[in-house]
Amino acid sequence: MTQANGTGGSSGDGRRHSEAFGAPERTAGTEKVQEANDRDAEDGVRGGECGDSAGAVEAPDGGWGWVVLAATIMVMALTLAFPSCMGIFYTDLQNEFHATNSETSWVPSIMTSVLHAGGPLCSVLVERFGCRATVMLGGVLSGLGMAASSFSRTVVQLYVTAGVITGLGFCFSYQPAVTILGHYFVRRRAFANAMSSTGTALGLCMLPFLGNYLHTELGWRGSFLVLGAVLLNCCVCGAVMRPLRAPERRGPPLMNHGPPPPPEEKSAGKEGGRMRRTWSRLAASLSKHMAFDQLLHNPRYCAFAIGITWMMLGFLVPLVYLVAYATANGMEPRRAALLLSILGLVNIVVRPLFGVIFSTPWFKGRHVYVFAWALLVNGLSNSICCVGPGFPVLLAYVTVYGLSMSVVGSLIFTVLMDVVEMSRFPSALGLLSIMESVTLLVGPPLAGALIDRTGQYCHVFFTCSAIVSSSAVFLMAAFYWLDTRDRKLSKQGQASALPEPARPSVDLAPGCQYSSVPTEGDKDKDKD
């Protein structure tokens, strides 16, 4: 993708390509300005959106990318793993607010749902301010939300502070971190995604210990206040996420696509067409930040989005209720929290190994099938909890669950990057997050209502096992059918192309240089 934008083509194509990125033939008046812009693009320090056209420069696959990877790991640890550790305070929240299982479960449910549902808004902020500023904003929001939740007097206030505000902060930190990592790594992308997913495991390993210690020493209110301060570390992580490139435009003189409209036309447009421009910009923004075109015209993305959305109905619910299930059957809270830490430790140990394995050429094109098989094992492992609530049984459960979860977490973003172009990844992730948020929102409360009705936790684990396993079977069947169909179409296309062997060399050469990342300059030239 990146090499295609930088090399190849005739001299005329090269001139067109350079002009599209705001680099026309230099005159004496623009020489110094252009050199300054080149220095900024090389350093990647100022501005820079990590959105659609960030592939304008070649991904380093290392260098400062390792620092960005380390920061992404820490962001994952502080965001994705945090809702699962709310189970430590589950009983205290019930007693404090005299709430049922269903009412209490709305807190992590809203937090997780908003974390995913804020994707389109996060995409807008990334385009406007860049990944670095958006991650830092998320750190401030999540820290303030958890600190404010320590002063909550009703469970509804907890929904707003710990649920909405903290969840939105998690979204603003997590999604830009994943996006910028995808631009820093191309050849080693599977390894980088697997390593970044160890952040979730790191959070699952460390946060239960921290939460249990704070809960013992300070109670749930003091714990939430301290955890709010801990979440501010997302600001530090965001500060090192240096943009990969400079902004596309510095001003009208560098673009050289014609003079700006006269002041009279601007004022007339402000008076006459303000509402029309507002609606057109809104429609363009929705089209850009919500990948509805991918959902309608990309069957692989459609199948993947449906499977992941159904999976999320039961994927995280066992983690929310694991500690409550163990303590309700007489296990000490410290040993119950240790189960989550063991789960995180298993992920930390095996995810880097899986990242190296899945980066090998043999797995190219097979990521989705490995992902689906791991998801099937993950779903079936939930039935182990129903054997008994003893520590050995639950230890076996978290081990199997952790191994399968490692593969799922290592490949989920890699599979998404395989089925959509990288230029469409932020919007595709945003739409997928919106779809996930619906099932993530209703999953824990439905499980809580089932517990209130039956008084047994085993029914929840059986239900989650059926949901996750069925989503895995759906993904296997859907992608196998799509691969079979594509192979048949490919054979038919090869057969029809045999009488005209020279046609591919004519049709493919011009398009391969511009199809990956369209720029604003290209769009303007096409209009002309």
Report summary line: Residue pairs passing the salt bridge (Lys or Arg N to Asp or Glu O under 4.0 Å) test with at least one member in residues 154-174, sequence neighbours excluded, are none
Query raised in the report: With a 4.5 Å heavy-atom cut-off, do Thr161 and Thr166 have their side chains touching?
Result: no
Report summary line: Residues at least two apart in sequence or cross-chain that pass salt bridge (Lys or Arg N to Asp or Glu O under 4.0 Å) with Glu103, listed by chain then number, are none
Query raised in the report: According to the side-chain hydrogen bond (donor to acceptor under 3.5 Å, both in side chains) rule, which pairs have a member within residues 437-454, sequence neighbours left out?
Result: Asn101-Asp452
Query - Basic-acidic side-chain contact under 4.0 Å: Asp483, Arg300 - result: yes
Query - Heavy-atom donor-acceptor pair, Ser113 side chain to Val438 backbone, under 3.5 Å - result: no
What pairs of donor and acceptor atoms, side-chain ones from residues 222-231 against any protein atom, are under 3.5 angstrom apart with sequence neighbours left out?
residue: Ser223; atom: OG; partner: Leu214; partner atom: O; Å: 3.1
residue: Ser223; atom: OG; partner: His215; partner atom: N; Å: 3.1
residue: Ser223; atom: OG; partner: Gly219; partner atom: O; Å: 2.6

Report task. State which residues pass salt bridge (Lys or Arg N to Asp or Glu O under 4.0 Å) with Arg485; sequence neighbours excluded, sorted by chain then number. Result -> none
Query raised in the report: Side chains of Tyr480 and Tyr369: closer than 4.5 Å at any heavy-atom pair?
Result: yes
Query raised in the report: For Phe97, which residues count as a ring pair (Phe, Tyr, Trp, His ring centres under 6.0 Å) partner, sequence neighbours excluded?
Result: Trp220
Requested in this report: For residues Val178 and Ser196, determine if any side-chain heavy atom of one lies less than 4.5 Å from a side-chain heavy atom of the other.
Outcome: no
Query raised in the report: In this structure, are over 12 heavy atoms from other groups packed under 6.0 Å from Met74 atom CE?
Result: no
Query raised in the report: Is there a donor-acceptor pair under 3.5 Å between the side chain of Ser109 and the backbone N or O of Leu440?
Result: yes
Query raised in the report: When rounded to the nearest 0.5 angstrom, what distance separates CD1 in Ile412 from CG in Leu432?
Result: 7.0 Å
Query raised in the report: Rounded to the nearest 0.5 Å, how far does CG of Asn212 lie from CG of Leu338?
Result: 9.5 Å
Query raised in the report: Can you tell me how far CG of Leu144 sits from CG of Leu232, rounded to the nearest 0.5 angstrom?
Result: 7.0 Å
Report task. Sorted by first residue and then second, give each side-chain hydrogen bond (donor to acceptor under 3.5 Å, both in side chains) pair with at least one member in residues 383-407; sequence neighbours left out. Result -> Asn347-Ser406, Asn378-Ser404, Asn382-Tyr397
Query raised in the report: Is there a side-chain contact between Val135 and Gln175, using heavy atoms and a 4.5 Å cut-off?
Result: no
Query raised in the report: Tell me the side-chain hydrogen bond (donor to acceptor under 3.5 Å, both in side chains) pairs involving residues 302-317, sequence neighbours left out?
Result: Trp310-Ser470
Query raised in the report: Met241 and Val75: side chain to side chain contact (heavy atoms under 4.5 Å, CB included), yes or no, with the steps?
Result: CA-CA 11 Å; Met241 292 181 179; Val75 168; 4.1 Å; yes
Query raised in the report: Can Glu96 and Arg221 be said to form a side chain to side chain contact (heavy atoms under 4.5 Å, CB included), step by step?
Result: CA-CA 11 Å; Glu96 178 74 20; Arg221 292 187 184 274; 3.2 Å; yes
Report task. Rounded to the nearest 0.5 Å, what's the gap from OG on Ser469 to CG on Leu380? Could you check? Result -> 4.0 Å
Report summary line: Contacts satisfying salt bridge (Lys or Arg N to Asp or Glu O under 4.0 Å) that involve residues 314-332 (not counting sequence neighbours) are Glu332-Arg334
Query - Residues, nucleotides or ligands: over 12 heavy atoms within 6.0 Å of Met476 CE - result: yes
Query raised in the report: Checking Ser465 side chain against Gly379 main chain: does a donor-acceptor pair fall under 3.5 Å?
Result: yes
**Report entry** Short side-chain to backbone donor-acceptor contact, His98 and Gln94, under 3.5 Å
**Finding:** no
Query - Distance in Å, Met76 CE paired with Phe170 CZ, rounded so as to fall on 0.5 Å steps - result: 13.5 Å
Report task. Could you pull out all residues at least two apart from Trp481 that satisfy ring pair (Phe, Tyr, Trp, His ring centres under 6.0 Å)? Result -> none
Requested in this report: Identify whether NZ of Lys or CZ of Arg in Arg335 sits under 6.0 Å from the centre of the six-membered ring of Phe391 and within 45° of that ring's axis.
Outcome: yes
Query raised in the report: So, does Tyr301 use its side chain to make a donor-acceptor pair with the main chain of Ala428 at under 3.5 Å?
Result: yes
Report summary line: So ring-ring contact (aromatic ring centres under 6.0 Å, His included) across residues 318-353, not counting sequence neighbours, yields Tyr90-Tyr321, Tyr325-Tyr457, Tyr325-Phe461
Report task. Test side chain to side chain contact (heavy atoms under 4.5 Å, CB included) on Val393 and Cys385 and set out the steps. Result -> CA-CA 7 Å; Val393 174; Cys385 288; over 6 Å; no
Query - Interatomic distance, Leu202 atom CG to Leu80 atom CG [nearest 0.5 angstrom] - result: 12.5 Å
Query - Over 12 foreign heavy atoms within 6.0 Å of CH2, Trp373 - result: no
Query raised in the report: Quick one: salt bridge (Lys or Arg N to Asp or Glu O under 4.0 Å) partners of Asp92, sequence neighbours excluded?
Result: none
Query raised in the report: Is the side chain of Ser173 donor-acceptor paired with the backbone N or O of Gly139 at a distance under 3.5 Å, no angle test?
Result: yes
Report task. For the pair Asn298 (side chain) and Val420 (backbone), establish whether a donor and an acceptor sit closer than 3.5 Å, ignoring hydrogens and angles. Result -> no
Query raised in the report: What's the verdict on side chain to side chain contact (heavy atoms under 4.5 Å, CB included) for Ser142 and Thr79, showing C-alpha distance, side-chain angles and the deciding distance?
Result: CA-CA 9 Å; Ser142 58; Thr79 56; over 6 Å; no
Query raised in the report: Do Glu217 side-chain atoms and Tyr213 backbone N/O form a donor-acceptor pair below 3.5 Å?
Result: no
Query raised in the report: Mind checking whether Phe304 and Phe479 have parallel, tilted or perpendicular rings, split at 30° and 60°?
Result: perpendicular
Query raised in the report: Are any of the side-chain nitrogens in Lys491 or Asp486 under 4.0 Å away from the carboxylate oxygens of its partner?
Result: no
